[in-house]
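A short write-up of the structure that comes next.
When a ligand or atom number is given, it counts from 1 through the structure's own listing order. These figures come from a predicted structure and were not determined experimentally. Along the sequence shown, residues carry numbers from 1.
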Amino acid sequence: MAVSLTNAPTTLQVKVCGMREPENIGDLVALQPDYIGFIFYRKSARYAGEKLNPEYAKHLPATVQKVGVFVNEALETILALTEKYGLQAVQLHGHETPELCRKLKQAGFLVLKAFALDDSFDFTTLEFYEGTCDYYLFDTKGQQHGGNGVTFNWQVLDQYHLNTPFFLSGGLDIEHVAAIKAGRWPQLRGIDINSRFELEPGLKNISKVKKMLTAFRENISIADK
Ligand SMILES: O=C(O)c1ccccc1NCC(=O)[C@H](O)[C@H](O)COP(=O)(O)O
């Protein structure tokens, strides 16, 4: 039986991460994603630092929120980079403390704290972060701090019992749209896509991103099992 997903969370937001090439960024912004992510972690193959022109980043349309992705950076470094590139949001992918999240939130930034999940992830460890971040970002535990390109077993999310809304991340692709939109997790607020949409690290396949956004934003029906 076909089920019309009238209760599907149509307001789910989309973040596209790992951008750095001006033309590619311009093409992406034209698709109006909610967030665009720039990685400020030198060891990442998508490191934006040297390629991204600060003035270009600063003058991107306000319709898209610019997110700086950091791994275990000091508050001062994060603040300096947010200022340099005109970022509105920060995404923290290391062992950042609740205190650091709180300070960044108090400074006026939208804060996403990323956590690397596997089957044994214990959500009670996030209780200390409640109230310090705007969103959690649930990513796959892998060899890298992020951008591993693999999904985790989403069943573990059924144990998520806290109030902070979250973004789903980790190897997301077009094939996952229907399952994500099935409305299984009340705290889900958005998704984050990255390496499965790349022509090469740091360069997105815009037509594939467009297909994802179209599929994600339209009211879909899925077949009942
Ligand atoms: O993508 C990276 O190279 C990266 C490196 C270090 C920290 C974070 C990183 N990415 C952050 C993201 O928001 C990614 O979109 C997220 O990890 C999911 O990536 P993927 O599994 O490739 O979809």
Side-chain angles (χ1 to χ4, degrees), residues 12-21 24-25 28 31 33-52 57 64-74 77-78 81-82 85 87-96 100-101 104 109-118 121 133-154 156-157 165-177 179-180 188-206 208-209 211-213 215-216:
L12 286 179
Q13 297 184 314
V14 179
K15 170 175 165 269
V16 181
C17 203
M19 302 298 294
R20 61 183 177 191
E21 309 279 349
N24 203 225
I25 292 171
L28 175 71
L31 301 180
D34 300 285
Y35 303 91
I36 179 168
F38 304 124
I39 296 173
F40 294 102
Y41 177 58
R42 285 184 182 275
K43 291 182 184 167
S44 168
R46 304 172 185 90
Y47 176 58
E50 262 98 58
K51 292 209 171 188
L52 184 64
V64 58
Q65 295 218 57
K66 288 164 280 176
V67 185
V69 177
F70 303 95
V71 179
N72 297 328
E73 290 291 358
T77 308
I78 297 173
L81 288 166
T82 55
Y85 291 91
L87 310 176
Q88 294 87 27
V90 295
Q91 182 176 319
L92 308 170
H93 265 259
H95 303 293
E96 296 84 4
L100 182 75
C101 297
L104 286 162
F109 297 100
L110 185 99
V111 178
L112 296 98
K113 176 70 187 89
F115 295 97
L117 269 59
D118 62 8
F121 190 79
C133 320
D134 295 281
Y135 301 111
Y136 297 140
L137 183 138
F138 295 141
D139 200 353
T140 307
K141 186 170 187 173
Q143 294 202 324
Q144 314 294 327
H145 285 284
N148 288 289
V150 237
T151 50
F152 60 91
N153 178 1
W154 297 348
V156 71
L157 292 177
F166 69 87
F167 274 62
L168 180 62
S169 184
L172 298 184
D173 208 329
I174 295 172
E175 74 205 41
H176 302 121
V177 169
I180 294 167
L188 179 68
R189 286 297 178 280
I191 60 163
D192 168 61
I193 60 173
N194 185 14
S195 60
R196 300 278 284 263
F197 292 82
E198 285 181 328
L199 297 167
E200 61 185 64
L203 189 70
K204 290 289 178 292
N205 177 340
I206 296 297
K208 187 173 177 186
V209 174
K211 274 187 200 155
M212 177 71 168
L213 284 168
F216 200 68

Looking at residues at least two apart in the chain, or sitting in another chain, which of them share a side chain to side chain donor-acceptor pair (under 3.5 Å) with Asp139?
-> none

What part of Leu137, side chain from CB on, backbone N/CA/C/O, both or neither, has a heavy atom under 4.0 Å from ligand 1?
-> neither

Measure the shortest side-chain to side-chain distance between Arg20 and Phe38 over non-hydrogen atoms and say whether it is less than 4.5 angstrom.
-> no

Any side-chain heavy atom of Leu137 within less than 4.5 Å of one from His93?
-> yes

Should the pair Trp154 and Phe152 be assigned to parallel (<30°), tilted (30 to 60°) or perpendicular (>60°) ring geometry?
-> perpendicular

Test item: Glu96 side-chain N/O and Asn72 main-chain N/O as donor-acceptor pair under 3.5 Å | yes

Would you call Arg46 a ligand 1 contact, heavy-atom distance under 4.0 Å?
-> yes

If you measure from the Lys or Arg side-chain nitrogens to the Asp or Glu carboxylate oxygens, is any gap between Arg42 and Glu50 under 4.0 Å?
-> yes

Number the atoms of ligand 1 from 1 as they appear, then name those within less than 4.0 Å of a heavy atom of Ile39, with their elements.
-> 1 (O), 2 (C), 3 (O), 4 (C), 9 (C), 10 (N)

What's the shortest distance from atom 1 (O) of ligand 1 to any protein heavy atom, and which residue and atom give it?
-> Asn194 ND2, 2.9 Å

Sub-3.5 Å N/O-N/O distance, Lys15 and ligand 1 | yes

Taking distance alone, with no angle check, do Ser169 and ligand 1 share an N/O pair under 3.5 Å?
-> no

Heavy-atom nearest option to atom 17 (O) of ligand 1, drawn from Asp173, Leu168, Asp139 | Asp139

One finds that the ligand 1 atoms under 4.0 Å from a non-hydrogen atom of Tyr41 are 6 (C)

Heavy atom of the protein closest to atom 11 (C) of ligand 1 (residue, atom name, distance) | His93 NE2, 3.5 Å

So which bit of Gln91 gets within less than 4.0 Å of ligand 1, heavy atoms only: side chain, backbone, both or neither?
-> side chain

Is it true that atom NZ of Lys141 has more than 12 heavy atoms of other residues, nucleotides or ligands lying nearer than 6.0 Å?
-> no

For ligand 1, does Thr140 get within less than 4.0 Å through its side chain, its backbone, both, or neither, judged by non-hydrogen atoms?
-> neither

Close-contact set for ligand 1 against Val69 heavy atoms, below 4.0 Å | 8 (C)

Please write down residue, atom name and distance for the protein heavy atom closest to atom 15 (O) of ligand 1.
-> Asp192 OD2, 2.6 Å

Does any N/O atom on Ala45 come nearer than 3.5 Å to any N/O atom on ligand 1?
-> no

Does the ring of Tyr47 carry Lys51 above it, NZ/CZ under 6.0 angstrom from centre and within 45° of its axis?
-> no

Residue-ligand contact Gly37/ligand 1, heavy atom below 4.0 Å = no

Does a side-chain heavy-atom distance below 4.5 Å link Phe40 with Tyr85?
-> yes

Any luck finding a side-chain donor-acceptor pair between Lys15 and Asn194 under 3.5 Å?
-> no

Determine, considering heavy atoms only, which of Ser44, Gly147, Gly171 sits nearest to atom 3 (O) of ligand 1.
-> Ser44

Results of ring-ring contact (aromatic ring centres under 6.0 Å, His included) for Phe167 - residues two or more places apart only = Tyr35, Tyr135

Atoms of ligand 1 under 4.0 Å from any heavy atom of Gly170, numbered from 1 in the order shown, are 18 (C), 21 (O)

Counting from 1 in the order shown, the ligand 1 atoms closer than 4.0 Å to a non-hydrogen atom of Val71 are 7 (C)

Would you check the N or O atoms of Ser195, main chain and side chain alike, for any that come under 3.5 Å of an N or O of ligand 1?
-> yes

